[in-house]
2 protein chains.
Amino acid sequence: MKDQKELVREINERKIIEAAEHVFACYGFKGATTEKISKQSALPKANIHYYFKTKANLYHQVLAGILSEWMDSAQAFDNQEEPRQALTQYVVSKMEFSRLRPYASKVWANEMLHGAPIVSEFLETTLKNWLDDRVEVIQGWIDSDKMSAVDPIVFIYMIWSVTQHYADFERQMTLLNSGKSFTDEEYKIKTEQVVKLVLTSVGL
Amino acid sequence: MKDQKELVREINERKIIEAAEHVFACYGFKGATTEKISKQSALPKANIHYYFKTKANLYHQVLAGILSEWMDSAQAFDNQEEPRQALTQYVVSKMEFSRLRPYASKVWANEMLHGAPIVSEFLETTLKNWLDDRVEVIQGWIDSDKMSAVDPIVFIYMIWSVTQHYADFERQMTLLNSGKSFTDEEYKIKTEQVVKLVLTSVGL
DNA sequence: GTCTATACGTTGATAGAC
DNA sequence: GTCTATCAACGTATAGAC
């Protein structure tokens, strides 16, 4: 049984990581101050350093959490054998991630924009392996005439970009929508449209 | 005829804006320091302030330049009457922009990620008008059965995201390509693939 | 117009009382 | 483990010599 202090530590670390993800997403690594994170988490600034030692370390841990979630949602691709079902499920899962975890997506985008200094290794190993495998699966579908012949990499990048756009460029979309965010119902329809475009683009 | 000093001013301002675009793209607004910009432009730090007064003002001017280029490339959409030609030209033009001006695209993406504090007004007015007009054009094509019935907005967002991805996520693509950037020839092929996917997605 | 030296504010991090 | 007070480093901006 966990003692009191351990429990407090867990709760506070979670609070801080959530707050940090929010602040890093909104201001970037440099623009995010430990004071902003402390206010967002409703915890004193010194506690941020007590729990995470440095801002850089906190950022690392935020990214680690995002990577682990990213890999989870990547599994949606493999739950189905047929391209139509697999791609639908994957796109829907990516769109849900953008809807539910926009800050995570933005932190990720920010890290990429600025040269991926922290997650380079993950990209070169885990993600590259995942991508290579998925390219093979797609190539298999193409070879057995289940979808049209396209460059699988270009196709996957299209799925990533179009789905992540709904998180990363949320602000642009809202401003172009007369300042109104999409309702859940609207977002559901947008998701269906995205699925349709993606499937149609490869003849499904 | 311009005198010597005016010429020097023009040349230096251009140098600084180019350097600033590069540095803002790589480090974000906060992460970009006037010292980095001064080194990148090979001009003393004090001159940055002499020409642009504040870092914020310099950032404004960098964004203004990007907006103006953005509107130029937007015209590619209107050079053709038929959807196939218009969309092809537009996608190619967006892909070229990502290839030739990756830093501009990244500064833009960064501004969006962090809530578009500077360009909100442009988005709500100029860009919103442009978008509304293009939505009408696309709806016209749909109504006259020249392309399949899709949500024009979702479709345009797809074009934006997939083309801009090649600039903003350049680093991710390079790392997933065994550390090698795309050659001009490879990029040309990728562009053709993107055009094909976009056209096919709406039945063209 | 150019550039060195510096003032001032901000921020990451810690010491030390509780 | 919590939190206030404070330091040291950095970065923007400017003053003033050339």
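The chains referred to below are lettered A, B, ... by the order of the sequence lines, with proteins before strands, and numbering in each begins at 1. Hydrogens, waters and symmetry mates are skipped; everything else that's a heavy atom, side chains included, is used.
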**Item:** Contacts of type side-chain contact (heavy atoms from CB on, under 4.5 Å), residue A:Arg171, not counting sequence neighbours
**Value:** A:Leu175, B:Ala116, B:Ser120

**Message:** From CD of A:Glu6 over to P of D:dT2, roughly how many Å is that when rounded to an integer?
**Reply:** 13 Å

**Message:** Tell me the interatomic distance from B:Leu43, atom CG, to C:dG1, atom P, rounded to whole angstroms.
**Reply:** 12 Å

**Asked** For A:Phe52, which contact category applies under a 4.0 Å heavy-atom criterion: base, sugar-phosphate, or nothing?
**Response** nothing

**Message:** Suppose we screen for side-chain contact (heavy atoms from CB on, under 4.5 Å). Which residues come up paired with B:Glu136, at least two apart in sequence or across chains?
**Reply:** none

**Request:** Could you tell me whether A:Lys30 sits above the aromatic face of B:Tyr27, with NZ or CZ closer than 6.0 angstrom to the six-membered ring centre and within 45 degrees of the axis?
**Result:** no

**Those residues of residues 11-22 of chain A lying under 4.0 Å from DNA chain C by at least one heavy atom** = none

**For atom CD1 of A:Ile48 and atom P of D:dG1, their distance in whole Å** = 15 Å

**Prompt:** How close or far is atom P of D:dC10 from atom CD1 of B:Ile37, stated in whole angstroms?
**Reply:** 19 Å

**Item:** Gap between atoms CD and P, on B:Glu10 and C:dG1 respectively (whole Å)
**Value:** 11 Å

**Results of side-chain contact (heavy atoms from CB on, under 4.5 Å) for A:Gln80 - residues two or more places apart only** = A:Gln85, A:Ala86, A:Gln89

**Asked** Sequence neighbours excluded, which residues qualify as ring pair (Phe, Tyr, Trp, His ring centres under 6.0 Å) partners of B:His22?
**Response** B:Tyr103

**Asked** Who are the ring pair (Phe, Tyr, Trp, His ring centres under 6.0 Å) partners of B:Phe52, not counting sequence neighbours?
**Response** none

**Request:** Take nucleotides 12-18 of chain C nucleotide by nucleotide from the 5' end and write B, S or -, depending on whether a protein heavy atom sits under 4.0 Å from the base, only from the sugar-phosphate, or from neither.
**Result:** BBB----

**Message:** I want to check one thing: is the phosphate of D:dG1, taken as OP1 and OP2, less than 4.0 Å away from some side-chain N or O of A:Asn47?
**Reply:** no

Would you tabulate the side-chain donor-acceptor contacts of residues 189-196 of chain A under 3.5 Å, counting partners in other chains and residues two or more places apart, or write 'none'?
from, atom 1, to, atom 2, distance (Å)
A:Lys190, NZ, B:Asp151, OD2, 2.9
A:Thr191, OG1, A:Tyr187, O, 2.8
A:Gln193, OE1, B:Asp151, N, 2.7
A:Lys196, NZ, B:Ala149, O, 2.8

**Asked** Does the side chain to side chain contact (heavy atoms under 4.5 Å, CB included) test come out yes or no for A:Leu113 and B:Leu113, once each step is laid out?
**Response** CA-CA 10 Å; A:Leu113 270 182; B:Leu113 270 182; 3.9 Å; yes

**Prompt:** OP1 or OP2 of D:dG1 sitting under 4.0 Å from any side-chain N/O of A:Tyr51?
**Reply:** no

**Item:** With sequence neighbours excluded, residues passing side-chain contact (heavy atoms from CB on, under 4.5 Å) with B:Asn12
**Value:** B:Val8, B:Lys15, B:Leu43, B:Tyr51

